[in-house]
Amino acid sequence: MALKGLDIFKLSPKKNCKDCGFPTCMAFSMKVAAGATEISKCPHMSEEALAKLSDATAPPMKSLTIGKGENEYKLGGETVLFRHEKSFVNRNRFAVLLSDSMDDETINTKIENIKKVDYIRIGEQMKVEIAALKYSGNKENYIKLINKVKDSEIKVAYMLICEDIDVLKECLEIVKGENPIVYGANKENYKEMVDIVKNDKLALGVKADNLEELYSLVENIHKLGYKELILDPTGDNVKESFTNAVQIRRIALKEGDRAFGYPSVVFANEIAKGDKNMEVAISSLFTIKYGSIIVLDDIDYSRALPLFALRQNIYTDPQKPMRVEPKIYPINNPDENSPVLVTVDFALTYFIIAGEIERSKVPMWLAIPDAGGYSVLTAWAAGKFGGSSISNFIKESGVSEKTKCRKLIIPGKVAVLKGDIEDNLPGWDVVIGTNESMELPKFLRDFNEELITAKA
Amino acid sequence: MAFKMSVQKYAGKISEVEIGTGEKALKLGGENVMPFYSFDGDCGNTPKMGVEILDVFPENWIEPLKDLYKDVAENPVEWAKFVEKEMEPDFICLKFEGADPNGLDRSAEECAQVAKDVVESVEVPVVISGCNNFEKDAKVFEKVAAAVDGKNCLFLAAVEENYKAVGAAAGMAYPHKVVAESSVDINLAKQLNILLSQLGVKEENIVMNIGCSAVGYGYEYVASTMDRIRLAAFGQNDKTLQMPIMAPVSFEVWSVKESVADVEDVPEWGSKEERGITMEISTASSMLVGGANAVILRHPKSLETMKKFVCELA
Ligand code: B12
Ligand code: SF4
């Protein structure tokens with residue numbers, strides 16, 4: 001719903017006072033229409049004009065910031081329904097549910113699990129980002145729970161799930177400084193809810209029995225002037241929840257209706273009904289289609305490894321494949337006796353291989369030629385990782401000055417290149433490595449032993 | 001504004017491909033909407049789940065699976081019967097790993113006999129998979145197609161390098177169904193479908209494998225390729241892309257680090273079996289939401305979960 005400069009000018013104060021940095025209101029209005037400046041740069045705009053204009057110039061789906069400091073995350077702000085159309089921007093975040101109805105042991109275990117699952121994959125941190133704290137009737141225990149999570153060392157943003165206004169008010173005090181999410185506004189309590197969150201502009205979770213009710217509830221909240229919302233598509237079963245999630249996103253992005261232009265929170269834990277494998281299936285579904293926060297029952301590596309990997313894939317920018325710079329990477333402090341290992345410049349492959357070499361503790365020179373940013377077989381099939389390009393890179397990179405060792409290990413998947421490389425690189429001995437990186441550490445350790453014995 | 005469901009109607013529809021015979025025969029495809037978008041129109045036949053077995057003992061499979069199959073896996077017929085009875089998949093995928101020229105190099109004739117015995121001993125449809133060597137696969141498929149004549153099997157797969165031989169044998173000389181396998185690219189998928197049809201294989205006898213990878217391993221390309229293929233099939237009514245999709249999930253997920261790393265190597269990761277199962281489940285669900293009409297799985301737990309998932313979502 002792009003506005004024309006003239007429409008904006010009609011709503012402007014027409015004072016030509018230059019406070020906005022432009023010579024006239026007209027000039028300013030044209031710039032706003034072109035997206036070159038923001039409407040808020042004019043200090044004299046009336047409330048009403050501001051509301052109208054910021055609506056019309058706002059993106060179709062709001063982006064919200066939740067959490068504080070190192071636990072601050074952005075949600076929403078998506079502009080397309082399919083990632084190939086442009087890119088998805090703000091990855092979904094994973095939450096684990098804790099409640100006052102759980103016994104201490106359960107809570108402690110879950111907190112420990114959140115602590116344990118924290119690792120790096122292709123240069124990015126993978127961990128649970130949100131603690132979803134649910135009130136289920138025992139205020140004292142709820143307060144204890146919040147304090148416990150706060151005092152534990154887990155680094156998370158908070159989501160207080162509590163529909164009881166009085167309890168919520170009290171509990172919010174404990175985590176007020178953390179910019180928590182407050183869940184949830186329903187058709188009975190929404191006015192009080194908005195009252196509680198509006199001063200700090202906290203993200204407010206909104207829930208209803210079905211899409212139609214959710215829609216009118218959001219409209220009612222809009223009437224109160226509040227627009228920091230997260231919508232809950234979770235229904236009774238997978239089908240209903242999926243329908244809701246797709247409809248919310250589509251109504252926002254395709255129909256341009258801002259009532260649904262908000263991020264979502266999906267309670268995968270509820271729909272999975274205690275079945276962990278089902279929770280993985282459901283969470284995968286909503287990672288692809290259109291969950292912004294996905295709430296899990298618990299976390300462990302068997303959940304995290306597939307889910308965080310899938311999320312990382314879905315949220316990479318299709319226009320910017322993940323590549324690393326072609327060059328010689330020293331790993332484990334190699335010296336003039338260390339062998340050379342070659343792979344491609346696809347970031348995924350690089351990080352996997354570098355990680356496995358580190359694990360082997362064997363000092364190595366890792367040579368990465370320009371392979372178009374592709375995986376080993378893709379690059380080979382595309383003609384970007386062949387005998388001559390590898391040999392040329394070895395020659396030009398100067399690695400032969402860094403080491404006297406003339407052993408070059410190549411990926412097992414391109415074993416066919418051995419002869420070709422040896423023809424182009426006189427004096428070098430090409431060694432065929434393993435097919436999978438998994439077997440690499442053992443392979444390298446054995447290989448290193450042999451090198452050392454051969455020398456001795 | 002008032003609330004209104006956003007409904008998207010398309011002109012295109014995925015073709016229906018039947019595999020197998022008799023009561024247990026099944027149909028793939030038939031939908032005219034994006035996967036599970038029941039609010040838009042007809043979701044067609046519910047996605048089907050198959051289980052992978054081999055013509056040889058599964059030496060490289062994880063211990064719990066070797067254990068499960070220890071009494072039957074030396075004999076593909078017993079293995080197939082066991083899977084059909086105990087796991088109740090929609091279909092069985094018989095993979096001829098033993099045909100690999102770099103391995104046992106079983107002859108095509110031998111494979112044909114195994115295929116015939118297996119197909120005749122089960123009622124569910126059988127998908128015949130090769131060893132990923134296109135020359136050898138062409139030879140094997142030729143013999144197998146003749147041996148299982150009348151059983152309406154699906155052959156996985158014809159690739160650019162061998163589509164003529166595979167298409168002629170499995171899609172023309174004998175009335176089976178053929179999977180056209182391409183490498184994660186809408187144009188390549190389209191091109192192979194066209195080549196197969198020009199050869200004389202009818203469009204309603206073709207299923208696609210557009211490429212598959214485990215989640216985390218280039219899956220972003222697979223996801224977007226599927227989206228584009230489905231949007232073209234529906235939105236542009238592109239007949240050359242309206243084939244159902246079969247995703248050999250188990251071929252990919254059981255060789256990545258998450259599923260093969262031993263507990264001693266990564267103690268914090270916990271049970272290897274569980275990791276393999278969740279990798280398989282996550283990849284299978286992702287492929288289904290992307291548009292796959294059938295997935296091939298390995299672990300009984302994955303099968304159980306995926307059946308439940310599809311039952312609740314469809
Ligand atoms: C995603 C993908 C693509 C993406 C690119 C992704 C990328 N950045 O590379 C796109 C869609 C662009 C693509 C394109 C093509 N692809 Co492609 N692609 C894949 C897919 C699905 C996954 C690849 C991947 O990411 N693997 C993960 C990485 C980590 O694997 P890796 O680099 O091999 O590394 C592993 C090992 O090799 C080892 N390793 C790595 N380095 C080293 C080093 C040493 C020393 C050692 C010991 C080990 C080692 O460790 C890693 C983990 O185990 C595969 C199929 C599959 N499921 O694998 C097909 C696949 C690789 N592609 C294939 C083909 C043919 C192509 C195309 C040529 C198709 C075409 N005709 O156009 C094009 C080429 C590009 C072009 N024309 O410009 C074929 C290759 C066939 C073959 N055997 O040669 C495959 C196998 C698909 C198939 N079955 O047909 N592809
Ligand atoms: S600050 Fe506002 S009123 Fe002043 S010139 Fe700019 S647009 Fe006009």
Side-chain angles (χ1 to χ4, degrees), chain A residues 82-84 116-117 119 121 211-216 219 237-239 242-243 246-247 250-251 254-255 257 259 271 275-278 280-285 287-289 300-303 305-310 312-316 318 346 348 352 356 359 375 378 381 435-438 441, chain B residues 1-6 8 34 36-39 183-184 213-225 227-228 231 253 255-261 265-266 268-271 274-286 288-290 301-302 304-306 308-309 312-314:
Chain A
F82 297 95
R83 62 185 289 285
H84 67 266
K116 260 190 243 161
V117 179
Y119 59 101
R121 187 179 200 277
L211 279 181
E212 201 163 350
E213 286 186 17
L214 185 65
Y215 191 92
S216 58
E219 283 194 315
N237 54 47
V238 190
K239 183 173 177 163
F242 181 65
T243 298
V246 174
Q247 281 294 326
R250 200 199 255 173
I251 286 171
K254 186 163 160 273
E255 316 297 343
D257 186 338
I271 332 170
D275 179 340
K276 175 181 143 179
N277 286 330
M278 202 46 189
V280 171
I282 292 168
S283 304
S284 306
L285 169 74
T287 295
I288 295 178
K289 292 216 166 134
D300 56 26
Y301 274 92
S302 66
R303 285 177 170 97
L305 293 170
L307 290 178
F308 294 171
L310 173 63
Q312 188 173 39
N313 278 174
I314 297 298
Y315 283 87
T316 53
F346 181 32
L348 172 62
I352 293 175
E356 296 298 349
R359 225 152 57 81
S375 80
T378 308
N435 273 337
E436 301 296 336
S437 55
M438 253 315 289
Chain B
M1 271 195 252
F3 169 75
K4 205 169 135 253
M5 287 287 272
S6 171
Q8 174 81 54
M34 291 300 274
F36 307 109
Y37 282 25
S38 49
F39 40 84
S183 323
V184 211
S213 85
V215 291
Y217 289 84
Y219 188 78
E220 65 272 39
Y221 294 92
V222 177
S224 286
T225 301
D227 283 344
R228 295 183 59 196
L231 289 170
V253 296
S255 62
V256 296
K257 179 170 179 178
E258 287 78 351
S259 343
V260 285
D265 285 333
V266 271
E268 70 277 15
W269 281 11
S271 157
E274 266 185 52
R275 284 182 258 129
I277 295 171
T278 53
M279 284 300 286
E280 185 157 50
I281 288 174
S282 181
T283 304
S285 340
S286 302
L288 292 175
V289 213
K301 269 262 165 331
S302 317
E304 188 191 312
T305 307
M306 293 319 296
K308 189 169 155 192
F309 177 74
E312 288 192 25
L313 187 54

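- For B/R228, the salt bridge (charged side-chain N to carboxylate O under 4.0 Å, His left out) criterion is met by no residue, not counting sequence neighbours.
- Contact check for B/I281 versus A/S284: no side-chain heavy atoms found under the 4.5 Å cut-off.
- Heavy-atom distances place the side chain of B/L231, and not its backbone, under 4.5 Å from chain A.
- For chain A, the option among B/E268, B/M306, B/E280 with the highest count of heavy-atom pairs below 4.5 Å is B/E268.
- Note on A/L211, A/N277, A/I314, A/V280: by heavy-atom pairs under 4.5 Å with chain B, the leading option is A/N277.
- Residue B/I277 touches chain A through its side chain alone, counting heavy-atom pairs closer than 4.5 Å.
- A/F346 is linked by a ring pair (Phe, Tyr, Trp, His ring centres under 6.0 Å) to nothing, counting only residues two or more places apart in sequence or in another chain.
- Side-chain contact between B/S259 and B/M279: present, with at least one pair of heavy atoms (C-beta onward) separated by less than 4.5 Å.
- Using a 4.0 Å cut-off between charged nitrogen and carboxylate oxygen, B/E274 and A/K276 count as a salt-bridge pair.
- Counting heavy-atom pairs under 4.5 Å between each of B/L313, B/V260, B/V289 and chain A puts B/L313 at the top.
- The side-chain tip of A/R250 does not point at the ring of A/F82 from less than 6.0 angstrom away and within 45° of straight on.
- Note on A/D257 versus B/K4: no salt bridge recorded, every NZ/NE/NH1/NH2 to OD/OE distance being 4.0 Å or above.
- Interface check for chain B: of the options A/L214, A/I282, A/L285, A/T316, the most heavy-atom pairs under 4.5 Å are formed by A/L285.
- For a residue to count as touching a neighbouring chain, one of its non-hydrogen atoms must lie under 4.5 Å from one of that chain's; by this rule B/A223 touches chain A with the side chain only.
- A heavy-atom distance below 4.5 Å is not found between the side chains of A/R121 and A/F308.
- Looking only at heavy-atom pairs under 4.5 Å with chain B, the residue among A/V117, A/V238, A/I288 that has the most is A/V238.
- Chain A forms more heavy-atom pairs under 4.5 Å with one residue of B/M5, B/E304, B/K301 than with any other, namely B/M5.
- Residue A/K289 touches chain B through its side chain alone, counting heavy-atom pairs closer than 4.5 Å.
- Interface residue A/M438: only side-chain heavy atoms are found under 4.5 Å from chain B.
- The side-chain heavy atoms of A/R303 and B/T278, taken from C-beta on, include no pair separated by under 4.5 Å.
- In this structure, the portion of B/S285 lying under 4.5 Å from any heavy atom of chain A is its side chain and not its backbone.
- In this structure, A/I251 and B/F3 have side chains that are in contact, with non-hydrogen atoms separated by less than 4.5 Å.
- For A/Q247, the part sitting under 4.5 Å from any heavy atom of chain B is the side chain, from C-beta outward, and nothing else.
- Residue A/S437: no heavy atom, backbone or side chain, is found under 4.5 Å from chain B.
- Contacts of A/D275 with chain B are made by side-chain atoms alone, with heavy-atom separations under 4.5 Å and no backbone atom involved.
- Contact tally against chain A (heavy-atom pairs below 4.5 Å) for B/S302, B/S271, B/S183, B/A261: the top residue is B/A261.
- Donor-acceptor pairing under 3.5 Å is recorded for the side chains of B/Y217 and B/E258.
- In this structure, the portion of A/I352 lying under 4.5 Å from any heavy atom of chain B is its side chain and not its backbone.
- Top candidate by heavy-atom pairs under 4.5 Å with chain B, chosen from A/T378, A/L348, A/N435, A/N237, is A/L348.
- Here A/N313 is the residue among A/N313, A/V246, A/I271 with the most heavy-atom pairs under 4.5 Å with chain B.
- You'll find the side chain of A/L305 stays beyond 4.5 Å of the side chain of B/K257, heavy atoms only.
- For B/F309, the parts sitting under 4.5 Å from any heavy atom of chain A are the backbone and the side chain alike.
- Within the 4.5 angstrom heavy-atom criterion, atoms from both the backbone and the side chain of B/Q8 approach chain A.
- Residue contact with chain A, scored on non-hydrogen atoms closer than 4.5 Å, involves the side chain of B/S38 exclusively.
- The nearest pair of heavy atoms linking B/T305 to A/A281 is CG2-CB, 4.5 Å.
- Looking at B/A284, neither its backbone nor its side chain comes within 4.5 Å of chain A, counting heavy atoms on both sides.
- Within the 4.5 Å cutoff, no side-chain heavy atoms of B/E220 are placed close to those of A/Q312.
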